[in-house]
Amino acid sequence: MSTYQIFHGRPVQTDGRKEKELRVYELLDELGISYDRIDHEEMNTIEACHGVDEALGIHICKNLFLCNRQQTQFYLLLLPGEKKFRTKDLSAQIGSARLSFAGAEAMERFLDITPGSVSVMGLMNDREQRVQLLIDRDLLKEEWFGCHPCMNTSSIRMRLADMLKLFLPAVKHEAIYVNLPDEKETE
């Protein structure tokens, strides 16, 4: 039994909420994207989000902020939460060797988010299109998509189609679709 309360749309009371979170709700409302929200304690890991995602009726989505060795190319990778990420599986598909996790400084500079809050919503802050969005094709099997609204004290759920067809064009980002193997495919 879930102890989380689901709200439809933006919070009525905005005291204590950061501007970057409120900008997410403003943009989603402006685009006519319907979304549900759960407010919760700070959640920094996939494991911590299980109960919230279960309450929202969605599968967990990993959001990884990556870069090449020279830190000249940056990527936001979305993949199913249960998939293991191996750089070699992705590097060949995007033509970028030696991928690693990008640092907090780049995350804040390009996406205005901090570690633990990585989210596709951060692309609204990447006005120079420095970050390339990568989406594992297995996510396309889902009707719903969940993420943090640039703060890891709330989680939102929206239709995947709205994220792909309304949100991404509005923030001037296109996804590159990749095929990352399941654990059982690599054993």
Side-chain angles (χ1 to χ4, degrees), residues 1-10 21 24-25 27-40 43-66 75-87 89-90 93-94 99 101 111 113 116-126 131-187:
M1 173 114 173
S2 172
T3 59
Y4 295 105
Q5 184 173 359
I6 299 175
F7 299 95
H8 182 72
R10 70 174 37 239
E21 178 185 3
V24 170
Y25 303 136
L27 179 59
L28 294 176
D29 291 349
E30 201 176 283
L31 296 172
I33 295 177
S34 178
Y35 57 97
D36 295 315
R37 184 188 90 254
I38 289 180
D39 297 325
H40 47 73
M43 295 187 175
N44 295 313
T45 65
I46 289 283
E47 293 76 26
C49 294
H50 277 288
V52 169
D53 286 352
E54 189 175 284
L56 286 171
I58 56 177
H59 291 104
I60 289 179
C61 174
K62 278 184 194 170
N63 298 260
L64 304 178
F65 189 56
L66 308 167
Y75 305 93
L76 176 60
L77 172 64
L78 309 182
L79 70 157
E82 73 279 357
K83 275 195 177 184
K84 294 255 191 248
F85 170 67
R86 292 180 191 81
T87 58
D89 297 329
L90 180 61
Q93 292 182 57
I94 64 171
L99 290 174
F101 291 99
L111 301 177
I113 51 180
S117 298
V118 179
S119 168
V120 71
M121 295 293 121
L123 293 176
M124 69 185 282
N125 302 311
D126 181 29
V131 179
Q132 174 61 60
L133 177 63
L134 308 171
I135 300 177
D136 183 274
R137 288 189 189 280
D138 281 345
L139 284 181
L140 301 178
K141 299 173 184 172
E142 303 294 332
E143 178 181 1
W144 298 97
F145 177 79
C147 63
H148 292 308
C150 294
M151 290 298 300
N152 61 4
T153 53
S154 292
S155 295
I156 57 176
R157 168 185 71 181
M158 68 183 79
R159 292 195 180 281
L160 177 64
D162 288 343
M163 191 270 284
L164 297 173
K165 296 176 182 170
L166 298 174
F167 176 77
L168 290 180
V171 298
K172 297 177 176 59
H173 279 76
E174 288 185 30
I176 292 175
Y177 297 96
V178 296
N179 296 302
L180 300 175
D182 282 325
E183 181 81 353
K184 51 192 163 290
E185 292 174 12
T186 60
E187 292 178 348

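Here the structure is a predicted model, which is why all the values come from computation and not from measurement. Here, residue 1 is the first one in the sequence, and each next residue gets the next number.
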Task: Residues that E21 engages under side chain to side chain contact (heavy atoms under 4.5 Å, CB included), provided they are two or more places apart - done: R17, Y25, P149, M151, S154
- [ ] Calculate, to the nearest 0.5 Å, the distance between atoms CD1 and CE belonging to I58 and M158 respectively.
- [x] 9.5 Å
- [ ] Report the C-alpha separation of L123 and L76 in whole Å, then their side-chain angles, then the decisive distance to 0.1 Å, and conclude whether the side chain to side chain contact (heavy atoms under 4.5 Å, CB included) test is met.
- [x] CA-CA 9 Å; L123 293 176; L76 176 60; 4.2 Å; yes
TODO: Assess whether side chain to side chain donor-acceptor pair (under 3.5 Å) is satisfied between D162 and Y35, documenting all intermediate values.
DONE: CA-CA 10 Å; D162 288 343; Y35 57 97; over 6 Å; no
Task: Steps toward side chain to side chain donor-acceptor pair (under 3.5 Å) verdict (D53, H59) - done: CA-CA 6 Å; D53 286 352; H59 291 104; over 6 Å; no
Task: Side-chain donor or acceptor of N125 paired with backbone N/O of L111 under 3.5 Å - done: yes
Task: Gap between atom CD1 of I60 and atom CG of L79 - 0.5 Å precision - done: 11.5 Å
Open item on the list: Working to the nearest 0.5 angstrom, can you tell me the gap between W144 CH2 and L139 CG?
Closed with: 16.0 Å
TODO: Without swapping roles, check the side chain of R157 against the backbone of G146 for a donor-acceptor pair under 3.5 Å.
DONE: no
TODO: Mind running side chain to side chain contact (heavy atoms under 4.5 Å, CB included) on D89 and N179 for me, showing each step along the way?
DONE: CA-CA 8 Å; D89 297 329; N179 296 302; over 6 Å; no
Open item on the list: Side chains of S155 and H40, heavy atoms from C-beta outward: is any pair under 4.5 Å?
Closed with: yes
TODO: Side-chain contact test, heavy atoms from C-beta onward, threshold under 4.5 Å: evaluate it for V178 versus L77 and give yes or no.
DONE: yes
Task: Donor-acceptor contact below 3.5 Å, side chain R37 vs main chain G9 - done: yes
Open item on the list: side chain to side chain contact (heavy atoms under 4.5 Å, CB included) for L166 and R159? Distances and angles first, verdict last.
Closed with: CA-CA 10 Å; L166 298 174; R159 292 195 180 281; over 6 Å; no
Open item on the list: Could you check whether any side-chain heavy atom of F167 comes within less than 4.5 Å of a side-chain heavy atom of L27, counting everything from C-beta outward?
Closed with: yes
Task: Any C49 side-chain heavy atom under 4.5 Å of H148 side chain - done: yes
Task: Closest heavy-atom pair and its distance - V120, C147 - done: CG1-SG, 4.3 Å
Task: Close side-chain approach of E174 to L133, heavy-atom, < 4.5 Å - done: no
Open item on the list: So which atom in C61 and which in F145 form the shortest heavy-atom distance, rounded to 0.1 Å?
Closed with: SG-CE1, 3.8 Å
Task: Non-hydrogen atoms of H8 and S34 that approach each other most closely - done: CE1-OG, 2.9 Å
Task: Closest approach of S119 to N63 (non-hydrogen atoms, all atoms of both residues) - done: CA-OD1, 3.9 Å
Open item on the list: To check you understand the geometry: which heavy-atom pair defines the closest contact between V52 and I38, and what is its length?
Closed with: O-CD1, 4.0 Å
Open item on the list: Does any part of the side chain of M121, heavy atoms only, come nearer than 4.5 Å to the side chain of L28, both counted from C-beta?
Closed with: yes
TODO: Look up atom CG in D136 and atom NZ in K141, then write down how far apart they are to the nearest 0.5 Å.
DONE: 8.5 Å
Open item on the list: Strictly distance-based, threshold 3.5 Å: is any side-chain N or O of K84 a donor or acceptor partner for the main-chain N or O of D182?
Closed with: no
TODO: Dump the intermediate steps for side chain to side chain contact (heavy atoms under 4.5 Å, CB included) on D126 and V171, then the final yes or no.
DONE: CA-CA 8 Å; D126 181 29; V171 298; over 6 Å; no
Open item on the list: Can you confirm whether L134 sits close enough to I94 that some side-chain heavy atom of one is under 4.5 Å from a side-chain heavy atom of the other?
Closed with: yes
Open item on the list: How long is the straight-line distance from CG of L78 back to CG of D138, given to the nearest 0.5 Å?
Closed with: 13.0 Å
Open item on the list: For the CD1 atom of I135 and the CG atom of L164, what is their distance to the nearest 0.5 Å?
Closed with: 5.0 Å
- [ ] List the atom of I6, the atom of A55, and the distance in Å for their closest heavy-atom pair.
- [x] CD1-O, 3.3 Å
- [ ] Kindly indicate whether the side chain of Y75, heavy atoms from C-beta on, has any atom under 4.5 Å from the side chain of V131.
- [x] no
